[in-house]
Protein chains: 2
Amino acid sequence: MKPPQPLSLDRYDQRILELIQQEGRISNQELAERIGLSPSPCLRRLRALEESGLILGYRALVDARQLGYRLMALVHISMDRHTPERFANFERQVAALPQVQECLMITGQEVDYQLKIRVEDMDGYQQLLLQHITPIEGVSGVHSNFVLRPVFENRGVPVAP
Amino acid sequence: MKPPQPLSLDRYDQRILELIQQEGRISNQELAERIGLSPSPCLRRLRALEESGLILGYRALVDARQLGYRLMALVHISMDRHTPERFANFERQVAALPQVQECLMITGQEVDYQLKIRVEDMDGYQQLLLQHITPIEGVSGVHSNFVLRPVFENRGVPVAP
DNA sequence: ACGTCAGATGGCATAATCTGCCAACCCTGA
DNA sequence: TCAGGGTTGGCAGATTATGCCATCTGACGT
């Protein structure tokens with residue numbers, strides 16, 4: 001897990017990164033086959049990529065809709081006073097809400113954060129907002145956009161030399 | 001891959017979903033151990049979850065920063081004429097750009113889509129915008145917010161019923 | 001041109017894991 | 001109490017992962 005890395009990826013490493021971003025559970029044998037290397041060096045490279053911190057981890061993608069989360073919204077938050085304590089507190093509180101899938105601090109004259117949230121329906125949205133987000137100290141404005149259709153999500157990072 | 005599912009998840013299934021969202025490459029043996037079941041039924045359940053479509057797939061998380069993508073932006077797009085053809089064409093063109101990590105059709109008086117993009121720097125941003133996004137037919141307005149800090153991303157979907 | 005050497009590869013043996021099968025078990029309802 | 005469906009646990013064979021070592025490749029200096 002060493003963040004600083006000279007970062008010299010040859011074709012093999014690039015192919016590995018591309019493939020495991022698409023098929024995170026591919027076996028080392030098939031991976032090796034697809035990149036045109038034998039299993040031994042392939043596994044060594046994969047492990048090296050993991051150790052280097054370039055591969056942060058593996059996730060299963062779960063269909064939120066099937067779990068009952070039928071509503072996705074982008075919530076823009078503005079804070080009244082821009083002190084580090086306020087920000088830290090906000091981030092901590094928001095991280096404790098499982099419905100908040102993502103939290104980005106962004107630029108914008110009227111906005112400080114964008115949250116991506118998943119809730120069952122409008123009721124859940126209202127509850128989350130009024131009971132858990134608006135009450136956080138320093139939150140002065142909230143504006144939401146609802147997601148009509150996720151055209152695509154969770155795309156892999158492009159890996160080109 | 002059958003989207004329609006009565007969806008009755010007991011504690012075991014819930015634990016499986018939680019764990020593989022955190023450790024997508026966990027071995028079946030360890031998974032079984034952690035949920036308190038022997039490997040056989042654990043693997044059967046996992047396969048059933050995959051077959052049911054609840055598990056959409058597995059991904060490796062790659063550190064975009066280490067790959068040189070130091071700038072992340074949220075780009076809001078407005079379209080001039082809201083015809084299905086325009087939308088379909090826009091989505092197709094945008095899907096062909098590897099820097100576009102996410103594309104959501106959203107509500108908003110002035111906005112139709114939000115894109116999440118990753119580029120190396122401001123130069124890359126400018127190029128992407130001027131050469132590939134603005135020219136798409138129907139795009140009438142573009143407004144961007146830059147991500148100052150990704151507080152957190154890629155969280156698992158909560159599975160609680 | 002030649003030899004040296006570090007780094008990477010491929011193959012092999014062993015260990016670990018996956019996978020399919022079957023008997024045993026636990027509910028539930030009659 | 002007695003079926004019967006559904007689920008579990010264990011086992012054997014197949015597949016995969018892992019560590020080790022000899023070999024190969026390419027860069028460098030002589």
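These values consider heavy atoms only, across backbone and side chains, with no hydrogens, waters or symmetry-generated copies. Throughout, protein chains are lettered first and strands after them, A, B, ... in sequence-line order, and every chain is numbered starting at 1. Here the structure is a predicted model, which means the values were calculated and not measured.
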Review point. Quick one: does B:E102's side chain have a donor or acceptor within less than 3.5 Å of a partner on A:N154's backbone?
Key: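 Pair absent, no side-chain N/O of B:E102 close to backbone of A:N154.
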Under 3.5 Å donor-acceptor pairs involving side-chain atoms of residues 117-125 of chain B, not counting sequence neighbours:
{"unit_1": "B:D121", "atom_1": "OD1", "unit_2": "B:D123", "atom_2": "N", "d": "3.2"}
{"unit_1": "B:D121", "atom_1": "OD1", "unit_2": "B:G124", "atom_2": "N", "d": "3.0"}
{"unit_1": "B:Y125", "atom_1": "OH", "unit_2": "B:S144", "atom_2": "OG", "d": "2.4"}

In chain order, what residues pass the salt bridge (Lys or Arg N to Asp or Glu O under 4.0 Å) check against [X], with sequence neighbours excluded?
{"X": "A:R25", "answer": "none"}
{"X": "A:D10", "answer": "A:R45"}
{"X": "B:R149", "answer": "A:E91"}

Donor-acceptor contacts under 3.5 Å from residues 133-143 of chain B side chains, at least two apart:
{"unit_1": "B:T134", "atom_1": "OG1", "unit_2": "B:L129", "atom_2": "O", "d": "3.1"}
{"unit_1": "B:S140", "atom_1": "OG", "unit_2": "B:S78", "atom_2": "O", "d": "3.1"}

Review point. Quick one: side chain to side chain contact (heavy atoms under 4.5 Å, CB included) partners of B:R92, sequence neighbours excluded?
Key: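 Partners of B:R92 by the side chain to side chain contact (heavy atoms under 4.5 Å, CB included) criterion, ordered by chain and then number, come out as B:N89.
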Review point. By side chain to side chain contact (heavy atoms under 4.5 Å, CB included), which residues pair with A:P41, not counting sequence neighbours?
Key: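 Residues passing side chain to side chain contact (heavy atoms under 4.5 Å, CB included) with A:P41: A:L37, A:S38, A:R44.
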Practice item. Go through DNA chain C in 5' to 3' direction and return only the first and the last nucleotide with some atom under 4.0 Å of chain B's heavy atoms. Key: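 Contacts span C:dT17 to C:dC21, reading 5' to 3'.
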**Study point:** Rounded distance (Å) that lies between atom P of D:dT8 and atom CZ of B:R11
**Key:**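 Rounded to the whole Å, the gap is 15 Å.
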Point to revise | Contacts of type ring pair (Phe, Tyr, Trp, His ring centres under 6.0 Å), residue B:Y69, not counting sequence neighbours | key: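 For B:Y69 there are no ring pair (Phe, Tyr, Trp, His ring centres under 6.0 Å) partners, ignoring immediate neighbours.
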Review point. Quick one: ring-ring contact (aromatic ring centres under 6.0 Å, His included) pairs with a partner in residues 41-63 of chain B, sequence neighbours left out?
Key: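 Listed once each, the pairs would be none.
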Exercise for review: Report, as a single string ordered 5' to 3', how protein heavy atoms within less than 4.0 Å touch nucleotides 12-20 of chain D: B base, S sugar-phosphate only, - not at all.
Suggested key: ----BBSBB
Review point. Between the axis at one end of the helix from C:dA1-D:dT30 to C:dA30-D:dT1 and the axis at the other (five pairs apiece), what's the angle to 10 degrees?
Key: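 Between the axes fitted at each end of the helix from C:dA1-D:dT30 to C:dA30-D:dT1 lies an angle of 30°.
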